[in-house]
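Some notes on the structure that comes next.
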There are 2 protein chains.
Amino acid sequence: MKEFIPVLKRTKLFAGVGEDDITAMLSCLGARLRTFKKGDYVLRQGEHLGDILVLAEGKLHIQRDDYWGNRSILGHIGIGEIFGEAYVAPESGTLLNDVVALEDSAVFFFDVKRVITTCSSACRFHTMVVQNLFFAISEKNRSLIQKLDYMSRRTTREKLLSYLSEEAKKQNSPYITIPYNRQQLADYLSVDRSAMSNELCKMRDEGLLEFEKNRFKLL
Amino acid sequence: MKEFIPVLKRTKLFAGVGEDDITAMLSCLGARLRTFKKGDYVLRQGEHLGDILVLAEGKLHIQRDDYWGNRSILGHIGIGEIFGEAYVAPESGTLLNDVVALEDSAVFFFDVKRVITTCSSACRFHTMVVQNLFFAISEKNRSLIQKLDYMSRRTTREKLLSYLSEEAKKQNSPYITIPYNRQQLADYLSVDRSAMSNELCKMRDEGLLEFEKNRFKLL
DNA sequence: TCCTTTCCGTTGTAAATACAACCGAACTGT
DNA sequence: ACAGTTCGGTTGTATTTACAACGGAAAGGA
């Protein structure tokens, strides 16, 4: 667990907290570290969750398969990102999605109750962690709204353009790299892969953008 | 402002706080009450927001019109509901959506900074309000994920079924009432109204459901 | 190197959707 | 009672998408 303290220090959850203080807080927050092999399920749809999670190592996808095997990808989790925060409320039901390891991964589990209940003097920075979590959830909220914006577009082209241009804004450059391959991007935007591939090539031919693998340039 | 204290008492934000304590907290939270006429914009896409809002009276829609006038409705806000919480983080950008009054409405504005910075002894229940807000955001988060689930369905029928069955679960009855008329429901699910209307009738003919205006029965 | 697998572009067809237009019923205000 | 408006169902057509299938390029392993 100790080895990942520097990683935790760089997360939004522990922003402003020193490594020593993080170490001291771990037990107070009920921290556990679990490792997963590539392909493992970190969380399963339908389970109940009483923890807030932080990815220490690896890559994860939040996804969901429906009855007919149709997969939809809700998002991508990189190192240091928080997830599971949608289920901190006591009455929140079971998980709506699966979380799957794309690579061998390590995940911190923090007990929700112990995170949000600021304890006494023992950990001085607990209040700051709560506020950090607050902002993190709020930001996740915003990014979900953003994704709903892509999804509300009627055509594949509009979905692609709104997603790519938002990424360009986020990465502050017309050259962008996305965390998805074609199939995954199609699953993320809930469209057919071949139709999307087709549309991408049309847009390239029309001079709207260029791409190679998962790197795009908007023109 | 006083007249709406009983309303506030029943909101999730002030759950567990008595009317007297709420009254005492109002100034501490930087509360302001603003009224809106039917059709007024409560918030506009692109603005910056430094408040958390609670609807005291009326009905609101969260919506967005794109360049071509295509409207998409992100959700419906009823009395006592919190909104604007997606923008509490200091670095969160501008509003992604409009919020529009469907009826004459009254809205409480609470200063974000003053809400999340627990003050001293003056207001005993401030900590509880922060935790309530925490749960509320987390729950909103969950409902956004839920909506993404509807939206990720490929066909109009699947979108309708996932939405309606989720509402049935939420309202705990096969008889459900929705806060949208046909056009609004279509905007909510991001589909064409006539196509949706068509699909609804087909589903009724197949015996999947019955409906009249905005009341539905799942079979 | 060879074999296997993954990735991605392409194509054709069937299915679903968007769009526009129309109509009747219900509701509104005068 | 009347005109004007909203609402919801219906229909036809053009457009878009889903699905299945194929093939070549690239990547990975033995």
Side-chain angles (χ1 to χ4, degrees), chain A residues 38-39 59 61 65-73 100 102-104 150-164 177-206 208-216, chain B residues 38-39 59 61 65-73 100 102-103 150-162 164 177-206 208-216:
Chain A
K38 175 176 177 176
K59 279 184 192 168
H61 268 186
D65 300 306
D66 66 14
Y67 331 90
W68 281 70
N70 237 326
R71 172 162 299 171
S72 83
I73 295 180
V100 181
L102 295 181
E103 311 172 347
D104 292 356
Y150 312 145
M151 301 281 296
S152 67
R153 311 299 170 122
R154 305 303 171 86
T155 66
T156 301
R157 172 174 297 219
E158 285 179 314
K159 288 179 186 176
L160 281 167
L161 281 177
S162 62
Y163 169 67
L164 292 174
T177 303
I178 66 173
Y180 306 118
N181 64 29
R182 290 288 180 283
Q183 182 61 61
Q184 291 167 340
L185 179 58
D187 289 341
Y188 179 75
L189 297 176
S190 287
V191 296
D192 181 73
R193 182 194 62 79
S194 64
M196 186 191 76
S197 196
N198 203 318
E199 199 64 32
L200 274 175
C201 293
K202 275 193 213 159
M203 288 161 73
R204 181 192 53 201
D205 296 344
E206 293 174 23
L208 288 174
L209 45 77
E210 294 171 2
F211 55 88
E212 195 216 330
K213 303 210 171 183
N214 65 334
R215 298 173 10 88
F216 293 77
Chain B
K38 175 176 176 176
K59 280 184 193 169
H61 266 185
D65 300 307
D66 66 13
Y67 334 89
W68 282 70
N70 237 325
R71 171 163 300 171
S72 83
I73 295 180
V100 181
L102 295 181
E103 309 173 347
Y150 312 145
M151 301 282 294
S152 68
R153 310 299 171 122
R154 306 303 172 83
T155 64
T156 301
R157 172 174 297 219
E158 284 178 315
K159 288 180 187 177
L160 281 167
L161 281 177
S162 62
L164 291 174
T177 304
I178 65 174
Y180 305 117
N181 64 28
R182 289 290 179 283
Q183 181 62 59
Q184 291 168 341
L185 179 58
D187 290 341
Y188 180 74
L189 297 176
S190 288
V191 296
D192 182 73
R193 181 194 61 81
S194 63
M196 187 192 74
S197 195
N198 202 318
E199 199 66 31
L200 273 175
C201 293
K202 274 192 213 159
M203 287 160 73
R204 180 193 53 202
D205 296 344
E206 292 173 24
L208 288 173
L209 46 77
E210 294 171 2
F211 55 86
E212 196 216 329
K213 300 211 172 185
N214 66 335
R215 297 174 10 86
F216 294 77

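Note that the structure is a prediction, hence the values are computed from the model and not measured.
- With sequence neighbours excluded, the residues that form a side-chain contact (heavy atoms from CB on, under 4.5 Å) with B:Leu161 are B:Arg157, B:Met203.
- Residues passing the side-chain contact (heavy atoms from CB on, under 4.5 Å) test with A:Glu103 are A:Lys59, sequence neighbours excluded.
- Fit an axis to the five pairs at each end of the helix from C:dT1-D:dA30 to C:dT30-D:dA1 and the two axes sit 60° apart, to the nearest 10 degrees.
- Considering only heavy atoms from C-beta on, A:Arg182 comes within 4.5 Å of A:Leu200 through its side chain.
- For B:Asp187 and D:dG8, the CG to C1' distance is 14 Å, given to the nearest whole Å.
- Here B:Asn181 pairs with B:Gln183, B:Gln184 under the side-chain contact (heavy atoms from CB on, under 4.5 Å) rule; sequence neighbours left out.
- When the C1' atom of C:dA16 is taken as reference, atom CZ of B:Arg154 falls 13 Å away, rounded to whole Å.
- For A:Phe211, the ring-ring contact (aromatic ring centres under 6.0 Å, His included) partners at least two apart in sequence or on another chain are A:Phe216.
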Mind listing the N/O atom pairs, protein and nucleotides 6-10 of chain C, below 3.5 Å?
unit_1, atom_1, unit_2, atom_2, d
C:dC7, OP1, A:Asn181, ND2, 3.3
C:dC8, OP2, A:Arg182, N, 2.8
C:dG9, OP1, A:Arg182, NH2, 3.4
C:dG9, OP2, A:Arg182, NE, 3.0
C:dG9, OP2, A:Ser197, OG, 2.6
C:dG9, N7, A:Arg193, NH1, 3.2
C:dG9, O6, A:Arg193, NH2, 3.1

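- Classification of A:Asp65 and A:Arg71 as a salt-bridged pair holds, one side-chain N sitting under 4.0 Å from a carboxylate O.
- Note on B:Thr155: every side-chain N or O is 4.0 Å or more away from OP1 and OP2 of C:dA16.
- Between B:Leu161 atom CG and C:dA16 atom P the separation is 14 Å, expressed in whole Å.
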